[in-house]
Structure formats: C-alpha cells, structure tokens
Amino acid sequence: MSTKQYTKEILNAALSSMGVTDSISVERYGSGHINDTFKVETAAGRKYILQRVSDAFPAEILKENILRITGHLKAKGVKTLDVIGYENPWRIYDFLEGYTSTDLVTSTEQAEFVAKAYAKFQNDMADLPAPALKPVLKRFHDTPDRIRLLDEAAAADIKGRKALVARELEFVERRRAMASKIVDLMASGDMPVRTTHNDTKINNVMLAPDGSNVVIDLDTTMPGSALYDFGDMVRTSSAAAAEDEKDLSKVYSKKEYFEALVRGYTSSAGFLVDAEKENLAFSARLITMTIGIRFLTDYLAGDTYFHTAYDDHNLVRCRTQFKMVESMEAQADEYEAIVKKYLR
Ligand code: ADP
Ligand code: GN1
Ligand code: MG
C-alpha cells in the first residue's frame with residue numbers, strides 16, 4: 001500500500017475530536033508498515049503522536065486491548081504509551097521525548113538490551129488480570145495458515161506476478177514440513193499460551209539515553225507464544241542489513257548479535273519451559289520465514305497490507321527474509337549450541 005495522503009482538515013478534525021486544538025505542525029513520522037503515524041507539535045509546546053489505525057484491525061477490540069494493556073502497565077509503575085485520546089480510527093499518544101528507535105542493531109550491547117526489554121515486557125504482562133486479551137488479528141503467526149493464504153494468492157495471481165517469484169515459491173515449498181511445529185505444540189498444550197507482544201521489531205522499542213526503554217506498538221499484544229517474540233527479535237535484531245536491502249550479499253544473521261539476544265532474553269525470561277527452550281533457535285527461522293511469506297503474499301495480492309515505497313518493495317523484503325532464513329539454517333548447529341550454553 002503506498003502512503004495515504006490526508007488533508008490538513010482531516011488531521012485537524014481528528015486532533016480536535018480528542019481535544020487538541022492548537023497544533024502548529026503535523027508531520028508524517030517513523031517507519032512503521034501498518035498505521036499512519038504523525039508527529040504533532042502544539043502552540044503550547046506539547047508534542048504528540050497521532051495515529052490513524054490500519055483498517056486491518058477490528059477497531060473496537062484494538063482500542064479495548066490498548067486501554068487494558070497501557071492501564072495494566074501504568075498501574076504497575078511500568079513506563080508505557082500514554083493514551084491522550086482515542087476516537088476510532090484515530091488515537092493520540094504522548095510523544096516520548098528524548099527516546100529514539102532504530103531500524104538496525106549496531107552493537108551486541110544494543111541487541112542484549114532489546115532482548116531484555118521484550119523479556120521484561122512479557123514478565124510485566126504475565127499478571128494481567130483475567131480475561132485474556134482478545135486476539136486482535138486471528139492466526140497472526142500461524143505459519144500453515146500463512147502458507148495457505150500464500151497458496152491462494154499465487155493461484156489467483158491477480159497482478160500477474162507469480163511467474164516472477166518461482167524461486168521464492170519453491171523456497172517455501174521445500175520448508176512446508178517445518179511450518180506447523182509451533183502451532184502443533186501450542187494445540188497439544190505442551191507450549192504455553194502467554195500474553196505476548198507479537199511484533200518485536202527493533203524499532204518497536206524506544207530507548208532513552210539514561211538506559212531506560214518503552215516498548216511501543218502494542219497493537220498485536222495478545223495471547224501467543226513467547227517463541228514468536230524471541231524469534232521476531234532475532235529476525236530484525238540479528239540482521240546485518242535492512243529489511244529492504246536490495247544487495248542480498250549484505251544480508252545475513254550475525255552470530256554475535258544472536259548470542260547477545262539469547263543472553264539478554266534468557267537472563268530475564270525465567271519462565272521458559274522445556275518446549276520453549278528447545279525451540280528458541282528454531283523459532284527464529286520459522287518466524288522469519290513466516291514474515292517473508294507475508295511479504296510475498298502481499299506482493300502477489302497487489303500490495304494491500306504493508307506500506308510500500310515502490311513497486312516491488314514487498315518482494316525485496318521477502319527476499320531479505322528468505323536470505324536471513326538461509327543464513328540461520330547455515331548456522332543452525334552453532335545457534336543451537338549458543339542456546340544450550342545459556343540454558344545449561
Ligand atoms: P506501526 O504499527 O505502523 O509500526 P508504531 O506504533 O510502531 O506503528 O509507530 C511507528 C513509529 O512511530 C515507531 O516506530 C516510532 O518510531 C514512532 N512512535 C510511535 N509511538 C511513539 C511515541 N509515543 N513517541 C515517539 N515516537 C513514537
Ligand atoms: C509490521 O507495524 P510494524 O511495522 O511494527 C507487521 C509485523 C511484521 C512487520 C515486518 C500488525 O510491523 O507483523 O512483522 O511489519 N505488523 C502487523 O516488518 O502486521
Ligand atoms: Mg511499529
């Protein structure tokens with residue numbers, strides 16, 4: 001989906017519906033793929049994040065979840081997104097002043113820090129009073145279901161792009177057998193269902209110079225597997241190059257970052273049971289393939305889901321994900337040994 005344009009009138013109407021009437025600038029902000037995000041500055045010197053939530057979300061369920069999650073964290077004294085206003089499909093968060101996010105990890109310290117931040121988030125959400133959060137996007141990380149949607153998009157081939165992705169389809173074909181491992185473990189009850197973030201990209205943690213952090217983008221926080229959070233961290237935080245790097249020779253998973261992620265995560269995620277420990281390294285390959293499959297599906301379906309900046313942006317992203325999977329597969333024995341070292 002290319003960037004949607006909003007008139008000043010629409011943006012100002014959204015802001016005033018939530019009580020902000022003195023904005024002096026409203027600018028596009030961040031590099032998220034889903035929501036439309038703006039930074040707002042007011043005459044009074046206040047700064048906000050204005051978001052138009054993606055239509056992919058069931059708006060009322062999402063709002064209910066966000067208010068519960070932020071309310072729960074706030075009540076525990078955990079710094080989180082401060083909801084200033086929420087009028088579907090718009091919402092305003094207080095701007096996290098002095099915090100920064102990045103799209104690429106550049107040091108092992110950073111990787112370890114991010115892993116601790118997401119593990120702490122899982123710990124902080126573990127005592128959310130019942131009932132469980134509603135599943136805002138059903139079967140979100142369900143790899144067999146994602147493959148089914150890919151098969152459908154390839155069969156329909158509405159953009160005539162299937163012929164261009166024969167190698168990518170073949171890549172998935174060869175890995176069908178591994179797809180159901182985690183959903184099967186969850187269905188059997190061997191893999192616990194926890195309240196997890198489900199979108200643990202490096203740019204969904206905001207970092208402050210004093211070493212503190214805030215986990216943001218709480219839209220997909222819902223019941224899931226801790227492994228998907230760990231695996232998705234490895235997908236972006238062990239990557240040597242950007243998610244949309246066109247030169248695939250630059251794309252691989254860095255072992256030293258993987259080790260830092262395992263070190264950080266296992267030092268804080270004391271709750272892990274055997275089925276989770278045994279599949280940590282595997283989960284990174286699985287979720288990275290799954291996100292690649294989602295980019296490929298969106299490419300075949302005509303780029304309706306992820307924000308894109310150019311024609312084959314989703315295909316470029318798919319290729320980096322599959323290259324990351326290959327890199328993790330090539331290092332599988334070393335990655336398993338690293339996990340064992342920290343979980344002895
Ligand atoms: P998306 O779902 O599209 O990824 P996010 O909620 O992650 O949307 O927001 C997109 C980007 O906007 C983030 O990566 C971050 O850089 C920035 N951002 C989001 N919320 C805040 C905030 N409260 N303060 C400062 N920056 C923010
Ligand atoms: C999206 O919202 P953002 O940009 O943080 C997507 C994730 C993908 C990611 C790939 C709700 O994350 O699932 O892993 O893009 N979020 C949603 O970069 O689909
Ligand atoms: Mg985001």
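On a predicted model such as this, the values are computed, not experimentally measured, just so you know. Read the numbers this way: they start at 1 and go in the same order the structure lists the ligands and their atoms. Counting begins at 1 with the first residue of the sequence.
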Close approach, D219 and ligand 2, non-hydrogen under 4.0 angstrom: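 Contact check D219 vs ligand 2: negative.
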
Does ligand 2 have any atom sitting under 4.0 Å from a heavy atom of R317? no

Side-chain heavy atoms of [X] within contact of [Y], under 4.5 Å:
| X | Y | answer |
| --- | --- | --- |
| I24 | T42 | no |
| L81 | L96 | yes |
| T221 | N65 | no |
| I202 | T102 | yes |
| S238 | M324 | yes |
| T143 | V183 | no |
| I49 | T37 | yes |
| F57 | I34 | yes |

Using a 4.0 Å heavy-atom threshold (strictly under), name the region of [X] that reaches ligand 1: side chain, backbone, both or neither.
| X | result |
| --- | --- |
| I49 | side chain |
| H33 | backbone |
| M206 | side chain |
| D82 | neither |
| N35 | both |
| D199 | neither |

What protein heavy atom is closest to [atom], reported as residue, atom name and distance in Å?
| atom | result |
| --- | --- |
| atom 14 (O) of ligand 2 | I291 CD1, 3.3 Å |
| atom 23 (N) of ligand 1 | D94 O, 3.1 Å |
| atom 1 (C) of ligand 2 | I34 CG1, 3.7 Å |
| atom 24 (N) of ligand 1 | L96 N, 2.9 Å |
| atom 3 (P) of ligand 2 | D199 OD2, 3.4 Å |
| atom 13 (C) of ligand 1 | I216 CD1, 3.6 Å |
| atom 16 (O) of ligand 1 | S101 OG, 3.3 Å |

Heavy atoms only: which of [options] lies closest to [atom]?
| atom | options | value |
| --- | --- | --- |
| atom 7 (O) of ligand 1 | D217, T220, D103 | D217 |
| atom 12 (O) of ligand 1 | D36, T100, T37 | T37 |
| atom 5 (P) of ligand 1 | K39, E97, K47, Q51 | Q51 |

K162 vs D157, test: salt bridge (Lys or Arg N to Asp or Glu O under 4.0 Å). Steps then yes/no. CA-CA 6 Å; K162 186 178 168 188; D157 195 21; over 6 Å; no

When you measure from the Mg ion (ligand 3) to the N, O or S atoms of N204, does any of those distances fall below 2.8 Å? yes

Contact check: D217 to the Mg ion (ligand 3), N/O/S below 2.8 Å: yes

Nitrogen or oxygen of [X] less than 3.5 angstrom from that of ligand 2:
| X | result |
| --- | --- |
| N204 | yes |
| R294 | yes |
| D217 | yes |
| Y305 | yes |

Proximal ligand 2 atoms for [X], defined as those under 4.0 Å from one of its heavy atoms:
| X | answer |
| --- | --- |
| E243 | 10 (C), 18 (O) |
| G32 | 4 (O) |
| F295 | 10 (C), 18 (O) |

Please classify the [X] to ligand 2 contact at 4.0 Å (heavy-atom distances, strictly less than): side chain, backbone, both or neither.
| X | value |
| --- | --- |
| T220 | side chain |
| H307 | neither |
| H33 | both |
| F57 | side chain |

Is the H141 ring parallel, tilted or perpendicular to the Y228 ring (thresholds 30°, 60°)?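 H141 vs Y228 ring planes: tilted.
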
So, regarding [X] and ligand 1 (criterion: nitrogen or oxygen to nitrogen or oxygen, under 3.5 Å), is there a contact or not?
| X | answer |
| --- | --- |
| S31 | no |
| F95 | no |
| N204 | yes |

When rounded to the nearest 0.5 angstrom, what distance separates OG1 in T304 from CG in N314?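 Rounded to the nearest 0.5 Å, the OG1-CG separation comes to 9.0 Å.
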
Take K341 and E259 through the salt bridge (Lys or Arg N to Asp or Glu O under 4.0 Å) test and state the conclusion after the steps. CA-CA 10 Å; K341 175 171 148 193; E259 175 153 3; 2.7 Å; yes

N203: numbered ligand 1 atoms lying under 4.0 Å from its heavy atoms: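 Selected atoms, number and element: 14 (O).
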
Of D199, V136, N35, the residue whose pairing with D219 passes side chain to side chain contact (heavy atoms under 4.5 Å, CB included): N35

Under 6.0 Å between ring centres, would you say that holds for F38 and Y29? no

Measure from the ring center of F171 to the ring center of F322 and say whether it is less than 6.0 Å. yes

Check for me whether [X] meets the cation-pi criterion with [Y], that is, NZ or CZ under 6.0 Å from the six-membered ring centre and within 45 degrees of the ring axis.
| X | Y | result |
| --- | --- | --- |
| R46 | F95 | no |
| K116 | Y265 | no |
| K255 | Y335 | no |
| K246 | Y310 | yes |

